[in-house]
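Computed over heavy atoms, backbone and side chain alike; hydrogens, waters and symmetry mates excluded. In this chain, residues are counted from 1 in sequence order. Fair warning: this is a prediction, and the values are worked out from it, not measured in the lab.
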Amino acid sequence: METGIHNTSEIGRLRRVLLHRPGRELENLMPEYLERLLFDDIPYLREAQAEHDAFADCLRKSGVEVVYLTDLVLKSITGQSVREELIHQFIDEAGIRDARTHDAVAAYLTDLPDREMVEAMMSGIRKQDLSRGGERLGDYRWAAEEGYPFAVDPMPNLYFTRDPFATIGAGVSIHKMHTPTRNRETLFGKFIFEHDPEFRDTPRWYDRGKTTSLEGGDILILSPQVLAVGISQRTQEDSIDRLAETILTEGGSFQQILVFNIPKNRAFMHLDTVFTMVDRDKFTVHPNILSQITVFVMELDKDRKMSIQQEDGGLEDILKKHLHLDSVTLIPCGQGSEIDAAREQWSDGSNTLAIAPGEVVVYTRNYVTNRSLEEAGITVHAISSAELSRGRGGPRCMSMPLWRDDPT
């Protein structure tokens, strides 16, 4: 069994991966609060779990060890002081201002066994849960008051483990997420990489305490030398500057950062929703970035100072140049059809998860794009996603590699 962190390529044979099996947090979604929680619909939990279990089984059958987020958080609770610190920081970052609610949540979490406590943090805490067993009439009246029903919001996006932190080389970047709803998710990564004996010595490339946002869906490892990062709806330029400085000075083999400027809207929320690597010289892309794209090339000059060069051109030529390839195959989402591309982009047709060179996991519903992948010689493992896709993320979004073999 591989331990620690090692990730130098999008297509290196995947050995170990972090997932989060959807839980009660999906059942705490309500129509009137979907926008606040970054959802467009409400998945049916039982089916979403069945689909996620099938995803995990698909990976296991391909020789991948599956690790779950809840289990790693539990491993990080190495003593009573760590447990108390986790509760304190969780409540602080939940934005609770009311003293009664603060004390009730603290007491509620403190009284739970570790696993139930972590699951409650993830699923959200309903006011009615806090009133049970109350000794004062006011406890029941407070819980029954009209208005917002949660003492602490749920974290329904947790099953997209790609975003809160990213493994890069032998290290990790723990992110400042773009929205408060998702930023609370990074607390779990903080505790894993500070307290779990397996991960606590992992080099840190970016920290969640920064002031500008960076999300894992905007980070792609194209080779042991080249990292791609998207300027997107959720990742800002200043964050990329900080990440690049650290990676290029301390990140081992990485020599170059390719910064892709992509549209700033929800349909293109991250770089990996419009562009993923499926083989050494093959990539899935959204047709909108095929003709012309702006890429900023970041590298250190001979004096170890940051150099940034702007390149405007076709994606194929840019990839050939910087990855030193004779040819590149770009596989358009929806086979280039305006209608099919828009439909399958909505359900993450370009968000493939490579588990080895030329071997990927995709959603069955994106059958037009999947056909293009197969015609390009890619081995396709298709999983059902009627419920999972309602969260607007594909197989890459739902996975964070912990260990990949180096590409050969």
Participant: Rounded to the nearest 0.5 Å, what's the gap from CG on Leu258 to CD on Glu311? Could you check?
Facilitator: 8.0 Å
Participant: Answer yes if the side chains of His20 and Glu185 hold a donor-acceptor pair under 3.5 Å, and no otherwise.
Facilitator: no
Participant: Please lay out, stage by stage, how Leu325 and Leu319 fare under the test side-chain contact (heavy atoms from CB on, under 4.5 Å).
Facilitator: CA-CA 8 Å; Leu325 296 169; Leu319 291 172; 5.6 Å; no
Participant: Looking at CG of Leu14 and CG of Leu353, how far apart are the two atoms once the value is rounded to the nearest 0.5 Å?
Facilitator: 6.0 Å
Participant: Does any N or O in the side chain of Asn183 come within less than 3.5 Å of the main-chain N or O of Met177, such that one atom is a donor and the other an acceptor?
Facilitator: yes
Participant: Is the backbone N or O of Val73 less than 3.5 Å from a side-chain atom of Ser76, with the two atoms forming a donor-acceptor pair by type?
Facilitator: yes
Participant: Find out whether Leu72 and Phe188 are in side-chain contact, i.e. whether some heavy atom of one side chain is under 4.5 Å from a heavy atom of the other.
Facilitator: no
Participant: Pair Leu69, Met122 - check side-chain contact (heavy atoms from CB on, under 4.5 Å), show working.
Facilitator: CA-CA 10 Å; Leu69 179 63; Met122 294 176 171; 3.9 Å; yes
Participant: Would you mind listing every salt bridge (Lys or Arg N to Asp or Glu O under 4.0 Å) that reaches into residues 341-361, with sequence neighbours excluded?
Facilitator: Arg13-Glu359, Asp340-Arg343
Participant: Could you check whether the rings of Phe283 and Phe275 sit parallel, tilted or perpendicular, using 30° and 60° as the cut-offs?
Facilitator: parallel
Participant: So, Asp312 side chain and Gln292 main chain: donor-acceptor pair closer than 3.5 Å or not?
Facilitator: no
Participant: Quick one: which residue pairs count as a salt bridge (Lys or Arg N to Asp or Glu O under 4.0 Å) with a foot in residues 148-162, not counting sequence neighbours?
Facilitator: Arg36-Asp153
Participant: Please identify which of these residues, Arg392, Arg182, His270, Met400, meets the side-chain contact (heavy atoms from CB on, under 4.5 Å) condition with Phe160.
Facilitator: Arg182
Participant: Under a 3.5 Å cutoff, is there a donor and acceptor pairing between the side chains of Asn366 and Ser347?
Facilitator: yes
Participant: What verdict does the side-chain contact (heavy atoms from CB on, under 4.5 Å) test give for Thr369 and Cys333, after you've listed the backbone C-alpha separation in whole Å, the side-chain angles of each residue and the deciding distance to 0.1 Å?
Facilitator: CA-CA 5 Å; Thr369 305; Cys333 181; 3.7 Å; yes
Participant: Is the CZ atom of Arg46 crowded by more than 12 outside heavy atoms at less than 6.0 Å?
Facilitator: no
Participant: Quick check: are there more than 12 heavy atoms from other residues, nucleotides or ligands sitting under 6.0 Å from CD of Glu32?
Facilitator: yes
Participant: Is it true that a side-chain atom of Gln345 and a backbone atom of Thr273 form a donor plus acceptor pair closer than 3.5 Å?
Facilitator: yes
Participant: Using the test side chain to side chain donor-acceptor pair (under 3.5 Å), find all partners of Asp103 that sit at least two apart in sequence or belong to another chain.
Facilitator: none
Participant: Has Glu375 got more than 12 heavy atoms of other residues, nucleotides or ligands less than 6.0 Å from its CD?
Facilitator: yes
Participant: Salt bridge or not between Asp207 and Lys210? Use side-chain N to carboxylate O under 4.0 Å.
Facilitator: no
Participant: Please determine whether the number of non-hydrogen atoms from other residues, nucleotides or ligands lying under 6.0 Å from atom CG of Asp326 exceeds 12.
Facilitator: no
Participant: In plain terms, say whether Arg234 and Asp218 are close enough for a salt bridge, that is, a side-chain N and a carboxylate O under 4.0 Å apart.
Facilitator: no
Participant: Is the side chain of His175 donor-acceptor paired with the backbone N or O of Asp163 at a distance under 3.5 Å, no angle test?
Facilitator: yes
Participant: Check whether any side-chain N or O of Ser389 sits under 3.5 Å from a backbone N or O of Ser385 as a donor-acceptor pair, and report yes or no.
Facilitator: yes
Participant: So, taking the atom named OH in Tyr159 and the one named CZ in Phe55, what distance separates them when rounded to the nearest 0.5 Å?
Facilitator: 11.5 Å
Participant: For the pair Asp98 and Lys127, evaluate salt bridge (Lys or Arg N to Asp or Glu O under 4.0 Å) and give the outcome as yes or no after the intermediate values.
Facilitator: CA-CA 13 Å; Asp98 175 71; Lys127 287 182 178 178; over 6 Å; no
Participant: Going through the distances and angles, do Tyr33 and Phe150 end up as a ring pair (Phe, Tyr, Trp, His ring centres under 6.0 Å)?
Facilitator: CA-CA 11 Å; Tyr33 305 120; Phe150 296 103; 7.1 Å; no
Participant: Which value, rounded to the nearest 0.5 Å, describes the distance between Leu26 atom CG and Asn157 atom CG?
Facilitator: 9.0 Å
Participant: Taking atom types as modelled and ignoring hydrogens, do the side chains of His381 and Thr379 form a donor-acceptor contact shorter than 3.5 angstrom?
Facilitator: no
Participant: Charged N to carboxylate O under 4.0 angstrom, Arg390 versus Glu387?
Facilitator: yes
Participant: Can you find a heavy atom in the side chain of Ile77 that is under 4.5 Å from one in the side chain of Val118?
Facilitator: yes
Participant: For a salt bridge (charged side-chain N to carboxylate O under 4.0 Å, His left out) with Arg208, tell me which candidate from Glu194, Glu215, Glu93 qualifies.
Facilitator: Glu93
Participant: Taking Ala386's backbone N and O only, do any of them form a donor-acceptor pair with Glu51's side chain (distance below 3.5 Å, no angle check)?
Facilitator: yes
Participant: Check whether the side chains of Arg396 and Thr276 place a donor and an acceptor atom closer than 3.5 Å, and report yes or no.
Facilitator: no
Participant: Taking Ser307's backbone N and O only, do any of them form a donor-acceptor pair with Asp301's side chain (distance below 3.5 Å, no angle check)?
Facilitator: no
Participant: Has Ser9 got a side-chain atom pairing as donor or acceptor with Pro407's backbone, closer than 3.5 angstrom?
Facilitator: no
Participant: Going by atom types only, do Thr294 and Asn261 share a side-chain donor-acceptor pair under 3.5 Å?
Facilitator: no
Participant: Enter the distance from Ile168:CD1 to Ile247:CD1 here, rounded to the nearest 0.5 Å.
Facilitator: 4.5 Å
Participant: For the atom pair CG (Asp71) and CZ (Arg21), what is the distance rounded to the nearest 0.5 Å?
Facilitator: 12.0 Å
Participant: Look at atom CD of Gln310 and say whether more than 12 heavy atoms of other residues, nucleotides or ligands are closer to it than 6.0 Å.
Facilitator: yes
Participant: Between the side chains of Thr167 and Asn7, does any donor sit under 3.5 Å from an acceptor?
Facilitator: yes
Participant: Does either side chain, that of Ser239 or that of Tyr206, offer a donor lying less than 3.5 Å from an acceptor on the other one?
Facilitator: yes
Participant: Start with the C-alpha gap between Asn28 and Leu37, add the side-chain angles, then the distance that decides, and say whether side-chain contact (heavy atoms from CB on, under 4.5 Å) holds.
Facilitator: CA-CA 10 Å; Asn28 278 335; Leu37 297 173; over 6 Å; no
Participant: Does a donor on one side chain sit under 3.5 Å from an acceptor on the other, for Gln225 and Gln255?
Facilitator: no
Participant: Keeping Thr212 on the side-chain end and Gln236 on the backbone end, is there a donor-acceptor pair under 3.5 Å?
Facilitator: no
